[in-house]
Structure formats: structure tokens, C-alpha cells
Amino acid sequence: MFGAASPVGVFALVAGVFVVLVVGSWLRKRVRGGRSAGRRQSYEKHKAAQEREPPVDLGDVREAAVHEFTEHHTGERRAVCKIEGFVVFVEEVPGDLSVGDVIELEVLSFNRGHTSATARFRGTA
């Protein structure tokens with residue numbers, strides 16, 4: 001009654017399963033927004049930051065812990081600090097500064113959207 005499967009039938013079955021998987025994956029990403037939970041949370045924080053006033057003013061001198069280091073497009077090493085969740089990039093940091101060190105900084109400028117600031121290193125706290 002049932003004979004051996006023809007190569008065309010097997011190919012059609014495999015192609016059908018492949019199409020179902022591709023379409024299912026596409027629909028899943030579409031429904032979830034195509035972002036991982038971490039990326040989605042970061043985007044939501046960024047949007048919230050755009051809607052609030054910065055917790056610092058130009059010229060403020062503050063203390064903050066170094067969260068990480070980044071390299072500016074000029075090649076200069078900068079410390080990344082946060083004040084009430086607000087990101088501050090600190091220039092002119094000494095080479096022996098480490099993550100977790102508490103430093104004193106002076107706010108110099110804001111980026112275009114006022115979602116981060118640039119500051120100058122004044123010393124360790």
C-alpha cells in the first residue's frame with residue numbers, strides 16, 4: 001500500500017518544514033520587536049533619559065565612581081561614570097585610575113540630546 005518515498009516528495013517535505021521554520025522565526029522576531037531583553041531595556045532607559053532633565057548642571061563639581069573606561073574617537077582614554085543613572089564621560093583621567101575608584105569631576109558640556117555629559121577629571125575623592 002505504501003511504497004518507498006519518492007525523492008520529490010522528500011524534498012517537498014523538507015522544503016515545507018524549512019519554510020515553516022523561517023516564517024515562524026520571522027513572526028516571532030516581529031512580535032517581540034527583534035530585540036533581546038537587554039537591548040530593549042537599554043533602549044527604554046535611553047528614551048527615558050531623553051525625556052528627563054540631567055541631574056547635573058554645567059560647572060557642577062561632583063564625586064562619582066568609575067564604572068568602566070572607553071576610548072574616545074581621538075584615542076583618548078575616558079572614564080565612564082554615572083550620577084543618578086546619568087552617564088558622564090570624564091576626560092584627562094590618569095593612567096593608574098581603576099574601575100570602582102571614586103573621582104571628583106567638573107561637568108563641562110552636554111551632548112546634543114542632553115542624555116550624557118562630558119566632564120574634566122579634578123582628582124580622586
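All of these numbers come straight from a predicted model, not from anything done at the bench. Numbers for residues simply follow the sequence, beginning at 1.
Here CG of Asp96 is found 8.5 Å from OG1 of Thr124. Values are rounded to the nearest 0.5 Å. To the nearest 0.5 Å, the span separating SG on Cys81 from CD1 on Ile103 amounts to 4.0 Å.
No side-chain heavy atom of His114 sits under 4.5 Å from any side-chain heavy atom of Glu53.
Val80 shares a hydrophobic cluster with Val87, Phe89; the chain of contacts runs through ILVMFWY side chains whose heavy atoms sit under 4.5 Å apart. Phe11 forms part of no hydrophobic cluster, judged by ILVMFWY side-chain heavy-atom separations under 4.5 Å.
Both Phe110 and Ile83 sit in one connected hydrophobic cluster of ILVMFWY residues. Membership requires side-chain heavy atoms under 4.5 Å apart, directly or through other members. Hydrophobic clustering (ILVMFWY, side-chain heavy atoms < 4.5 Å, transitive): Phe121 and Val88 are in one cluster.
Summarising the geometry of Ala117 relative to Phe86, their closest heavy-atom pair is CB-CE2, 3.6 Å, with the distance given to 0.1 Å.
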Without placing hydrogens or testing angles, list every side-chain donor-acceptor pair under 3.5 Å for residues 56-68, not counting sequence neighbours.
{"residue": "Asp60", "atom": "OD2", "partner": "Asp57", "partner atom": "N", "Å": "2.8"}
{"residue": "Arg62", "atom": "NH2", "partner": "Pro55", "partner atom": "O", "Å": "3.3"}

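Arg120 has no carboxylate O lying under 4.0 Å from a charged side-chain N of Glu92, or vice versa, which leaves the two without a salt bridge. Using a cutoff of 4.0 Å between basic side-chain nitrogens and carboxylate oxygens, Arg78 and Glu91 are scored as salt-bridged.
Contacts of Val23 classified as side-chain contact (heavy atoms from CB on, under 4.5 Å), with partners at least two apart in sequence or in another chain: Val19, Leu27. With sequence neighbours left out, Ser25 forms a side chain to side chain donor-acceptor pair (under 3.5 Å) with no residue at all. Remark: Arg77 engages Phe69, Val93 in a side-chain contact (heavy atoms from CB on, under 4.5 Å) (not counting sequence neighbours).
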